[in-house]
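To find a chain, count down the sequence lines: A is the first, B the second, and so on, and within it residues start at 1. None of these values were measured; they are calculated from a predicted model.
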Amino acid sequence: MANLFQSVRGFNDVLPPDTAIWQHLHRVANETFAAYGYGEIRLPLLEHTALFSRSIGEVTDIVEKEMFTFLDREGDSLTLRPEGTACCVRAGLEHGLLHNQQQRLWYAGPMFRHERPQAGRYRQFHQLGAEAYGMVGPDIDLEVIALSARLLARLGLRDLTLELNSLGSSEARAAYRSALIDFLQRHESSLDADSKRRMHSNPLRVLDSKSPQTQEILRDAPKLIDALDLESRLHFEQLQQGLSDLGLPFRLNSRLVRGLDYYGRTVFEWTTTALGAQGTVCAGGRYDGLVTQLGGSATPAVGWACGIERLILLMKAQGVAVPDTAPHVYLCWLGDAAQREAARLGEQLRDAHPGLRLVVNAGGGKLAAQLKRADRSGARVALILGDTEIAARTIQVKSLRDTDTSPASIPEQQILPWSELSGYVAGLFDA
RNA sequence: GUGGACGUAGCUCAGUUGGUUAGAGUCCCAGAUUGUGAUUCUGGUUGUCGGGGGUUCGAGUCCCCUCGUCCACCCCA
């Protein structure tokens, strides 16, 4: 059947088997951020367009061609947020969170970029981010990286690489930038087309080029690491020392740069080879200039963002176990009297056991059909209530799964008086 | 945004050089079993062949346009 409507391209639904993974991820994120004293900030999806063009950079691809921007009824230019950091700084300034103080914040939610969709890259995608304000030293860089490492580990992800680089102070970077442009101009004829274009718009990104020929030329290019100012070099060395102290392995990558203009000094990425071209799962760095750029007083800041869809793809690829959400119990009934009794018993059991997941059969059906639903629901046991049971104030308990994991094995089928039902059910979960 | 592959039942897919009424498995429903699932057997339902246009006596099959998915690039989380 051809559907009358379908979702907008790159905007996806998340359906029940998958929502369990999303919920698990959010639960783990919540706990991990709490473990480091980070508070959640909830931000609107829509901002004034200028917020992003001023922070991300006028000539970046995001601002030039990827934003969902429109005029509202009053003629104001609004944009669905393409990233969270600028929004977070805006909120921090608006509510006075950043002036002369420290803040540890995190956020999660949808972001919007008008790109050609691909697995792990959608027009509405979701990010999970950390932001720390008001701390200059490498200790906070270390903290946010350790936090990201712990989050990824708690999600059960393996074989990730932490890549690390320093972009230096803005002065050092500006000097390096012109040195690099000089170098690139001398080799312009040998560069690939993309790099020629980027040479002027964002020369640092040429370092990232995938063209082997360009990479060959870049071997003789001036190195960013050699251009670092003394203070940035010290900062970077102390961060590396800290990572070693915590036993967090990393790989120095002098080609690691950022697409967004506001980064300086520390930049890092967690990458995987398991996701094709969408290999970056988490990326971040320091952006000491951003708060000033958006009208606040000078405030150092460092943070990162994870792509939730990519984390979930990776969790699936690596077969990460997610807590079971199947019901514990499926209650079958036969006849009108049993139906009423089943509804009453179901509510009673839910009162007694707030963690219990219990489905009461609905929509009728003969016992075979009800048991089939019970089986397909994933429930561990089915309860059966008919006229015979009601007369005796009992209920039949039928085991639907092999329970070889529990030493006190459940007999396949037994009859329990109502008075013992609650105690029996308690043994089915939270073990 | 650029290049390429693919769209057939709810799901996974077959469908010959264009040829009658488009198939399989699975799922779902019913029965074998008036109250016992997952196994078995029998029967049944499910399609504007992504959409529109064209060529043809005839199009799932060929052509054009369009929408969508995927892969790579670009970019990025």
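A:K196 meets the salt bridge (Lys or Arg N to Asp or Glu O under 4.0 Å) test with no other residue; sequence neighbours excluded. Residues passing the ring pair (Phe, Tyr, Trp, His ring centres under 6.0 Å) test with A:F70, sequence neighbours excluded: none. A:E309 is linked by a salt bridge (Lys or Arg N to Asp or Glu O under 4.0 Å) to nothing, counting only residues two or more places apart in sequence or in another chain. Residues meeting the ring pair (Phe, Tyr, Trp, His ring centres under 6.0 Å) test with A:H187, sequence neighbours left out: A:F183. Residues forming a ring pair (Phe, Tyr, Trp, His ring centres under 6.0 Å) with A:W106 (at least two apart in sequence, or on another chain): A:F33.
Contacts between residues 268-278 of chain A and RNA chain B, defined by a heavy-atom separation below 4.0 Å, involve A:G276, A:A277, listed by number.
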## Note on the structure
Output field dot_bracket for RNA chain B (Watson-Crick or G-U, both distances under 3.5 Å, | for other-strand pairs) contains (((((((..((((.....[...)))).(((((.......))))).....(((((..]....))))))))))))....

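Evaluation of the side-chain hydrogen bond (donor to acceptor under 3.5 Å, both in side chains) test over residues 13-25 of chain A, restricted to residues two or more places apart or in two chains, returns A:D18-A:K316. Residues in residues 140-149 of chain A take part in these salt bridge (Lys or Arg N to Asp or Glu O under 4.0 Å) pairs, two or more places apart or across chains: A:R104-A:E143, A:D141-A:R286.
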Which pairs would a plain distance check flag for residues 318-327 of chain A, meaning a side-chain donor or acceptor within less than 3.5 Å of a matching protein atom at least two apart in sequence or in another chain?
residue: A:Q318; atom: OE1; partner: A:R158; partner atom: N; Å: 2.8
residue: A:Q318; atom: NE2; partner: A:R158; partner atom: O; Å: 2.9
residue: A:D324; atom: OD1; partner: A:A326; partner atom: N; Å: 3.1

Give each protein N/O atom lying under 3.5 Å from an N/O atom of nucleotides 66-70 of chain B, with the pair distance.
residue: B:U69; atom: OP2; partner: A:R9; partner atom: NE; Å: 3.0

Protein and nucleotides 33-37 of chain B: nitrogen or oxygen contacts under 3.5 angstrom:
residue: B:G35; atom: O6; partner: A:T388; partner atom: N; Å: 3.4
residue: B:G35; atom: O6; partner: A:T388; partner atom: OG1; Å: 2.2
residue: B:G35; atom: N1; partner: A:E389; partner atom: OE1; Å: 3.0
residue: B:G35; atom: N1; partner: A:E389; partner atom: OE2; Å: 3.2
residue: B:G35; atom: N2; partner: A:E389; partner atom: OE2; Å: 2.8
residue: B:G35; atom: N2; partner: A:Q396; partner atom: NE2; Å: 3.0
residue: B:U36; atom: O2; partner: A:K398; partner atom: NZ; Å: 3.2
residue: B:U36; atom: O2; partner: A:Q413; partner atom: OE1; Å: 3.4
residue: B:U36; atom: N3; partner: A:Q413; partner atom: NE2; Å: 2.6
residue: B:U36; atom: O4; partner: A:Q396; partner atom: OE1; Å: 2.9
residue: B:U36; atom: O4; partner: A:Q396; partner atom: NE2; Å: 2.8
residue: B:U36; atom: O4; partner: A:Q413; partner atom: NE2; Å: 3.4
residue: B:G37; atom: O6; partner: A:E412; partner atom: OE2; Å: 3.3
residue: B:G37; atom: N2; partner: A:D375; partner atom: OD1; Å: 2.9
residue: B:G37; atom: N2; partner: A:L400; partner atom: O; Å: 2.4

